[in-house]
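To start, the structure itself, in structure tokens.
Note that ligands are numbered from 1 as they come in the structure, with each ligand's atoms numbered from 1 the same way.
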Amino acid sequence: MMPLEKTLILIKPDGVKRRLIGKIISRFEDRGMKIVAMKMLVLSREKAERHYDVHKSKPFFKDLVGYITSGPIVAAVIEGPSAISVTRTMAGSTDGSKAQPGTIRGDYSTGIEKNIIHASDSPESFAHELPVFFSSDEIHDFQFGDEQNIY
Ligand code: CMP
């Protein structure tokens with residue numbers, strides 16, 4: 001079997017408020033990826049600043065933190081072969097107005113702040129972001145009945 005990788009996604013406040021939670025999660029499930037952790041929460045300012053600390057010096061940082069803390073989000077850990085790059089490809093370009101149709105942003109967004117979803121961009125980012133949202137006992141290990149058809 002190919003090595004499995006985990007990644008973190010966030011369905012941002014625009015995605016939640018636009019009733020897209022189910023559609024977005026279904027895309028990952030339909031692709032054969034495994035949801036191994038999931039929760040809905042309102043992010044604290046402190047956690048938002050920690051999650052986005054690589055962007056601390058950017059001009060949009062304050063707005064970004066204000067936006068991501070503005071309402072409930074859904075955080076999930078997704079497992080699958082090459083989960084980080086597969087999920088980034090499914091999310092599409094950061095700027096929704098440039099994202100390809102067929103991607104999550106390309107189908108649902110024309111914004112750069114309200115761009116529906118966040119997805120870890122590297123194993124290092126995943127390692128930094130994961131503990132902002134989940135403890136190790138919240139990440140589950142289970143098998144699909146039909147894994148031989150997927151992996
Ligand atoms: P995300 O994948 O969550 O990671 C950082 C976020 O910053 C990004 O999605 C965008 O929502 C946001 N972002 C990136 N560039 C800009 C920008 N120029 N103006 C406003 N927000 C931005």
Starting from atom 13 (N) of ligand 1, which protein heavy atom do you reach first, and at what distance in Å?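 The closest one turns out to be F60 CE1, 3.6 Å.
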Among all protein heavy atoms, pick out the one at the shortest distance from atom 10 (C) of ligand 1; state its residue, atom name and that distance to 0.1 Å.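 Sorting protein heavy atoms by distance from atom 10 (C) of ligand 1 puts I112 O, 3.0 Å first.
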We want to know whether D121 and S125 form a side-chain donor-acceptor pair, criterion being a heavy-atom distance below 3.5 angstrom.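 Yes, because at least one side-chain N or O of D121 sits under 3.5 Å from a partner of the opposite role on S125.
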Atoms of ligand 1 less than 4.0 Å from [X] heavy atoms?
X    : answer
E113 : 11 (O)
R105 : 2 (O)
N115 : 8 (C), 9 (O), 10 (C), 11 (O)
H118 : 1 (P), 2 (O), 3 (O), 4 (O)
L64  : 6 (C), 7 (O), 12 (C)
T94  : 8 (C), 9 (O), 10 (C)
Y52  : 1 (P), 3 (O), 4 (O), 5 (C)

Taking 4.0 Å as the limit for heavy-atom contacts, which would you say applies to K114 with ligand 1: side chain only, backbone only, both, or neither?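 Neither; no heavy atom under 4.0 Å.
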Ligand 1 versus K58, non-hydrogen atoms closer than 4.0 Å: side chain, backbone, both, neither?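 Neither part.
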Could you check E49 against D53 for side-chain contact (heavy atoms from CB on, under 4.5 Å), going step by step and ending with a plain yes or no? CA-CA 5 Å; E49 289 178 352; D53 71 2; over 6 Å; no
Applying salt bridge (Lys or Arg N to Asp or Glu O under 4.0 Å) to R27 and D107, what does each step give before you reach the verdict? CA-CA 12 Å; R27 288 185 180 223; D107 287 351; 2.8 Å; yes
Short N-O contact, K47 and E129, less than 4.0 angstrom: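 E129 and K47: not salt-bridged.
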Is it true that K39 and E138 have a side-chain N and a carboxylate O under 4.0 angstrom from each other?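 Answer for the salt bridge query: yes.
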Is K12 close enough and on-axis enough to Y67, meaning under 6.0 Å and within 45°, for cation-pi?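 Verdict for Y67: no cation-pi partner in K12.
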Specify whether Y52 and H118 have parallel, tilted or perpendicular ring planes, treating 30° as the upper limit for parallel and 60° as the lower limit for perpendicular.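 Because their plane-to-plane angle is over 60°, the rings of Y52 and H118 count as perpendicular.
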Heavy-atom count check: over 12 atoms from other residues, nucleotides or ligands less than 6.0 Å from E29 CD?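 Enclosed.
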